[in-house]
Amino acid sequence: MKRVFVSQIKKMKEESILVKGWIYKIKSFGKIAFVLLRDKTGVIQLVLDDEGMIDSVKLEASVEVKGIISKNERAPGGVEIQVKELKIIGKTYYDLLPFSINQREIEASLETQLDHRYISLRRPDKRAVFKVQEEIVEAFRKYLRKHDFSEIHTPKIIASGTEGGSEVFTVNYFDRRAFLAQSPQFYKQMMVGAGFEAVFEIGHAYRAELHNTWRHLNEYVSLDVEMGFIEDENDLMDLEEEFMKFLFQYLSETCKKYLEILKVKLPTIEHIPRVTLSDAQKILLEKYNKKSPVGNIDAEGEILFSRYIKDKYDSDFVFLTKYPVSKRPMYTMPDDENKGITRSFDLIYKGLEITTGGQRIHDYDMLKENMIKFGVKPNDFGFYLESFKYGMPPHGGFAIGLERLTMKLLDLENIREASLLPRDMSRIMP
Ligand code: AMO
């Protein structure tokens, strides 16, 4: 007999079927028991009327069940299975589950849930986060492929940091020191110059940041884009804005079931306002008496400014543009109309930075000079700099943090909830 998934049962007639899954809930009345079986597609009620069978079931054991579909208005979903045969195919070896997963909420801290990810993810709502995340990645790939971007896979063991600063993990590479990539930055630029013109990458990024916060991970998934032959950074913001519109539309079509489980309603995106950093700082000072650090906006400022944008433009998103040279990496294109300013931007979503991007310096001499200005030795980035000797076109790009985007989209409180197996300062297991 062929296995039937729970989501298929509703459309079937009252016939014999085989289902497989886990025991989710047991309500036993001695001679009869109502048992919920859960598979990856949903939950169905089983009716057991054999005492031996009833005694054999244990929460979260995996089972194979043969029975007959029966419509019953009082059953969850209006349908149940009258069980004829039940076989335990995955035994359990516990006295008590680490925490109960079949109640309205899990009564365990996030840390405990993460320690037992294999159990917490058995809950449909916890898994739904990653089903939505899967579709975010799919939308990213679909959108960019449709616009003729090439998907690339660049190395994560690299010879030098890309983003400046000391937030880089060191690894032993045979008899040499190497680093874990903070971003595919140099390689995505090289691949634009190598003739692909427009590329994207979905890959892991590593940051040795000493931040144990609700919005930082030490390993995250970066959705990277790089595009050649641009006019300026506005081309990049246009691209990201169009992608976001596509994404929200795509998710509302593909993730109905998961968004419902998570009680999330997605708005449609009309237009994402663009505000210069210095204007945003002025507004924060005037409206909220909020002082900002030089050349930046802190986390509180991002939240306040998002609130202002929401009130004024009814947008959850805002591009902050034109960051100062001092706050951007050495590869960022200066703005020739504004001394000390770059052609760069951040995208803030519901009070959190989810993207950094900008136009890059594409001229060899200018890049070399800028490296020296930034106090980095051009020789240390020889392979990168070399690639600019052969007609590198004007280009730029951006990167979206997948977990941050997921977290804000689904109104989660902590970025760890949007990471299958998060890596933070105190966690490298499971
Ligand atoms: P940046 O360093 O700003 O830019 O990173 C881009 C985006 O990646 C996400 N992100 C993180 N997410 C979780 N935990 C972290 N520790 C973390 N660090 C960064 C954020 C952030 O906006 N090379 C440039 C991008 C570019 O210009 O193309 C870069 O990496 O969502």
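Reckoned from all heavy atoms, side chains included, excluding hydrogens, waters and symmetry mates. As the structure lists them, so they are numbered: ligands from 1, and atoms in each ligand from 1. If you read the sequence from its start, that first residue is 1, and numbering goes on from there.
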Q | Reported CD1-to-CZ distance for the pair Ile17 and Phe5, which is rounded to 0.5 angstrom | A | 12.0 Å
Q. Under a 4.0 Å heavy-atom cut-off, what residues line ligand 1?
A.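 Residue list for ligand 1: Glu163, Ser183, Gln185, Lys188, Arg207, Glu209, Arg215, His216, Leu217, Tyr220, Tyr331, Glu353, Ile354, Thr355, Thr356, Gly357, Arg360, Gly397, Phe398, Ala399, Gly401, Arg404, Ile415.
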**Q.** Matching residue for Phe140 among Phe149, Phe200, Phe398, Tyr250 - test: ring-ring contact (aromatic ring centres under 6.0 Å, His included)
**A.**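 The residue from Phe149, Phe200, Phe398, Tyr250 that satisfies ring-ring contact (aromatic ring centres under 6.0 Å, His included) with Phe140 turns out to be Phe200.
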Q) Can you name the one residue among Arg404, Glu403, Arg215 that meets side-chain contact (heavy atoms from CB on, under 4.5 Å) with Ile354? A)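 It is Arg404; the other options fail the test.
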Q) In a check of side-chain hydrogen bond (donor to acceptor under 3.5 Å, both in side chains) between Arg343 and each of Asn234, Asp335, Thr321, which one passes? A)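 Exactly one option meets the side-chain hydrogen bond (donor to acceptor under 3.5 Å, both in side chains) with Arg343, and it is Asp335.
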Q.
Pair Asp346, Thr356 - check side-chain hydrogen bond (donor to acceptor under 3.5 Å, both in side chains), show working.
A. CA-CA 4 Å; Asp346 275 4; Thr356 292; 3.1 Å; yes
Q | Non-neighbouring partners of Tyr384 that pass side chain to side chain donor-acceptor pair (under 3.5 Å), sequence neighbours left out | A | Gln189
